[in-house]
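Below you'll find the structure, written out as structure tokens, and then a few comments.
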Amino acid sequence: MEPAVDSPDEYWIRHALRLAERAAQQGEVPVGAVVVRDGQCIGEGWNRPIADSDPSAHAEIQALRDAGRRLANYRLPETTLYVTLEPCVMCAGAIIHARVGAVVYGATDPKAGACGSVFDLLPSDARFNHRTECRGGVLAADCGELLRDFFRTRRRAARAARAARDALRP
């Protein structure tokens, strides 16, 4: 029996998960993103708002910037953006302006998602002059677990720091 072969969506989400792990290692929320055209990675990024002191340094923005530099073009038609977490409103705006053809994401974001969870900007909003296809839930369990583990670890560290601080009080 031959080993199972990932679908292209799963392959690229796994690539994005490896980038998300880089973000986690740097103390950033673990989100990774990859821009693909014709089966080739043309841009990648991971969350870096803390490291860059830049609130716009989300994984999607980083990947779009990387792809734009590589192609020497701010428009990215006929591309697919793979991201481990449903894009937020800011990232959805950048995706629309870049003319990305499709977004494929892993975990939904019930607090800030712009692909149907909280807002429905991709692809439904007919007020935009560009529509981006959007599919979610690819390797959602893996993507969600990475985020849950990150925040669980962060909460434990915060509790331990509070306990240590409280132990020093008279």
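As a basis for the values below, the full set of heavy atoms in this structure was taken, side chains included, without hydrogen atoms, waters or symmetry mates. If you're wondering where the values come from, they're calculated on a predicted model, not measured in any experiment.
No hydrogens or angles considered: nothing links the side chains of Glu21 and Trp46 as a donor-acceptor pair under 3.5 Å. For the residue pair Arg22 / Gln25, no side-chain donor-acceptor distance below 3.5 Å is found, with atom types taken as modelled. A side-chain N or O of Glu86 and one of Ser117 form a donor-acceptor pair less than 3.5 Å apart. Under 3.5 Å, the side chains of Asp54 and Ser56 contain a donor-acceptor pair of N or O atoms.
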For this session: Apply side-chain contact (heavy atoms from CB on, under 4.5 Å) to Arg14 and Arg18, showing your working.
Result: CA-CA 6 Å; Arg14 286 188 200 290; Arg18 288 190 293 276; 4.1 Å; yes
Exercise. What do the steps show when you test Val83 against His58 for side-chain contact (heavy atoms from CB on, under 4.5 Å), and what is the final call?
Worked result: CA-CA 11 Å; Val83 60; His58 287 195; over 6 Å; no
For this session: Apply the test side-chain contact (heavy atoms from CB on, under 4.5 Å) to residues Asp66 and Val35: give CA-CA distance (whole Å), side-chain angles for both, the deciding distance (0.1 Å), then the verdict.
Result: CA-CA 9 Å; Asp66 188 31; Val35 180; over 6 Å; no
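No donor-acceptor pair closer than 3.5 Å links the side chain of Thr132 to the backbone N or O of Ile96. Not a single donor-acceptor pair under 3.5 Å links the side chain of His15 to the backbone N or O of Gly32. Side chain of Arg131 to backbone of Ala126: a donor-acceptor contact under 3.5 angstrom is found. Formation of a donor-acceptor pair under 3.5 Å by the Arg48 side chain with backbone atoms of Ser53 is not found in this model.
Using a 4.0 Å cut-off between charged nitrogen and carboxylate oxygen, Glu133 and Arg135 count as a salt-bridge pair. Contact check on Lys111 versus Asp109 returns no salt bridge, with no Lys/Arg side-chain nitrogen under 4.0 Å from an Asp/Glu carboxylate oxygen. Salt bridge status for Asp166 with Arg162: absent, with no side-chain N to carboxylate O gap under 4.0 Å.
In this structure, the side chains of Val103 and Ile95 come closer than 4.5 Å at one or more pairs of heavy atoms. You'll find the side chain of Pro123 reaches within 4.5 Å of the side chain of Cys134, heavy atoms only.
Between Leu85 and the choices Val29, Val31, Asn47, the side-chain contact (heavy atoms from CB on, under 4.5 Å) rule is met once, by Val31.
Summarising the local packing, CZ of Phe119 is surrounded by 12 or fewer heavy atoms from other residues, nucleotides or ligands at distances under 6.0 Å.
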